[in-house]
Amino acid sequence: MKLDLNRLARIGFVRREANIGFRGIKWTHSYWGDIASGLISADMTGQFEGWLRIQVGDLDQRITLVPEERHFGGRQWYFICPVKNRRASVLWKPSGATRFCSRQTWGRRVAYRSQFHDPANRAHAGKSRIKARLIADLDPDEWDLPPKPKWMRWATYQRHEERFDHYEGVLDYGCATLVAKLLGKK
């Protein structure tokens with residue numbers, strides 16, 4: 001589970017210079033459905049400090065919020081991590097944890113999926129992204145690299161083509177390395 005302060009502001013769960021009463025919050029997963037639900041409230045009326053309170057199951061946590069002046073005026077609000085005591089826009093609560101903390105606190109327990117990929121998996125994911133961008137309503141199984149969509153500039157398509165070829169090279173190198181290992185050559 002994660003709390004993204006900027007996303008909470010976009011959807012109206014927190015508002016600058018306002019005290020928001022309790023509102024329901026829910027975490028869902030595209031495959032498993034609902035993960036957790038709870039209540040959230042926030043007070044950002046203070047000039048130098050605010051707070052956000054989250055209640056999910058047995059967890060009842062109050063998190064300090066601080067604003068920082070922006071170069072062109074206004075203020076940007078941040079959470080203060082309860083462990084590291086540093087600013088963060090996003091706080092995480094991995095399964096089994098007792099509170100929300102910054103990514104630096106949790107280390108590798110919370111990370112982007114791509115951080116766990118090896119070069120071959122990153123190459124497969126990159127090829128899939130390029131195909132998804134180019135495919136439109138064509139059959140993905142019919143094409144290795146789909147043709148240029150009508151709306152796309154040639155320079156953009158050629159960049160995608162070069163990147164796709166790079167990923168192909170990474171995968172070819174991985175296959176060649178694997179064959180060499182199997183044959184006992186390095």
S.K.: What's the separation between atom CG in Leu8 and atom CD1 in Ile54, rounded to the nearest 0.5 Å?
M.R.: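 Going from CG on Leu8 over to CD1 on Ile54, the span is 8.0 Å.
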S.K.: Which residues end up grouped with Phe22 if you chain together Ile, Leu, Val, Met, Phe, Trp and Tyr wherever their side-chain heavy atoms are less than 4.5 Å apart?
M.R.: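 Answer for Phe22: Leu39.
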S.K.: Please collect all salt bridge (charged side-chain N to carboxylate O under 4.0 Å, His left out) contacts where either partner lies in residues 45-64, sequence neighbours excluded, each pair once.
M.R.: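 Qualifying pairs: Arg53-Asp60.
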S.K.: Is Phe100 close to Leu52 at the side-chain level, that is, under 4.5 Å between some pair of heavy atoms?
M.R.: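 SC-SC contact between Leu52 and Phe100 ruled out.
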S.K.: For atom CZ of Arg103, is the number of surrounding heavy atoms from other residues, nucleotides or ligands below 6.0 Å larger than 12?
M.R.: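 Check fails, neighbour count at 12 or below.
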S.K.: Looking at Gly50 and Trp77, what are the two nearest heavy atoms and their distance?
M.R.: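 Minimum heavy-atom separation between Gly50 and Trp77: N-CZ3, 3.7 Å.
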S.K.: Do Met44 and Phe48 share a hydrophobic cluster (ILVMFWY, side-chain heavy atoms under 4.5 Å, transitive)?
M.R.: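 Different clusters: Met44 never reaches Phe48 through Ile, Leu, Val, Met, Phe, Trp or Tyr contacts under 4.5 Å.
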S.K.: Are the side chains of Gln158 and Arg153 in contact, using a 4.5 Å heavy-atom criterion?
M.R.: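 SC-SC contact between Arg153 and Gln158 ruled out.
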S.K.: Considering only distance and modelled atom types, tabulate donor-acceptor pairs under 3.5 Å from the side chains of residues 165-174, sequence neighbours left out.
M.R.:
from   : atom 1 : to     : atom 2 : distance (Å)
Tyr167 : OH     : Arg163 : NE     : 3.4
Glu168 : OE2    : Lys127 : NZ     : 2.3

S.K.: Using a 4.5 Å cut-off on heavy atoms from C-beta on, say whether the side chain of Ser41 contacts that of Arg23.
M.R.: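 A side-chain contact under 4.5 Å is absent here.
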S.K.: Using modelled atom types only, decide if a donor and an acceptor are shared between the side chain of Trp106 and the backbone of Trp92 within a distance under 3.5 Å.
M.R.: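 Yes, Trp106 side chain to Trp92 backbone: donor-acceptor pair under 3.5 Å.
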S.K.: How close do Thr45 and Asp43 get, heavy atom to heavy atom, and via which atoms?
M.R.: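 Closest approach of Thr45 to Asp43: OG1-OD1, 2.7 Å.
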S.K.: Give a yes or no on whether Arg122 atom CZ has more than 12 heavy-atom contacts from other residues, nucleotides or ligands under 6.0 Å away.
M.R.: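 Yes, CZ of Arg122 has more than 12 neighbouring heavy atoms, counting only those of other groups under 6.0 Å.
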S.K.: Is any side-chain heavy atom of Pro82 closer than 4.5 Å to a side-chain heavy atom of Arg99?
M.R.: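 Answer yes - side chains close enough.
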S.K.: Is there a side-chain contact between Phe79 and Val66 (heavy atoms, below 4.5 Å)?
M.R.: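 Not in contact.
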S.K.: Does any N or O in the side chain of Thr105 come within less than 3.5 Å of the main-chain N or O of Cys101, such that one atom is a donor and the other an acceptor?
M.R.: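 No, the answer is negative, given that no donor and acceptor are paired below the 3.5 Å cut-off.
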S.K.: Determine whether Leu3 and Ile25 make a side-chain contact, defined as any pair of heavy atoms from C-beta on separated by less than 4.5 Å.
M.R.: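 Yes - at least one pair of side-chain heavy atoms lies under 4.5 Å apart.
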S.K.: Please give me the minimum heavy-atom distance between Phe164 and Ile130, naming the atom from each residue.
M.R.: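 Minimum heavy-atom contact is N-CD1, 3.6 Å.
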S.K.: Would you name the heavy atoms of Gln104 and Lys84 that are closest together and state the gap between them?
M.R.: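 Reported closest heavy-atom pair: O-CE, 3.8 Å.
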S.K.: Do you know the tightest heavy-atom contact between Ser102 and Leu91?
M.R.: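 Heavy atoms of Ser102 and Leu91 come nearest at N-CD2, 3.5 Å.
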S.K.: Given His160 and Met152, is the side-chain contact (heavy atoms from CB on, under 4.5 Å) satisfied, shown in steps?
M.R.: CA-CA 11 Å; His160 287 308; Met152 186 176 282; 3.9 Å; yes
S.K.: Counting C-beta onward and ignoring hydrogens, is there a side-chain heavy-atom pair between Ile63 and Ile80 closer than 4.5 Å?
M.R.: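 A side-chain contact under 4.5 Å is absent here.
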S.K.: Do Glu68 and Arg87 touch side chain to side chain, with heavy atoms closer than 4.5 Å?
M.R.: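 Sidechains of Arg87 and Glu68: in contact.
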S.K.: To the closest 0.5 Å, what do you measure between OG (Ser89) and CZ (Arg7)?
M.R.: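 Spacing of OG (Ser89) from CZ (Arg7) equals 14.5 Å.
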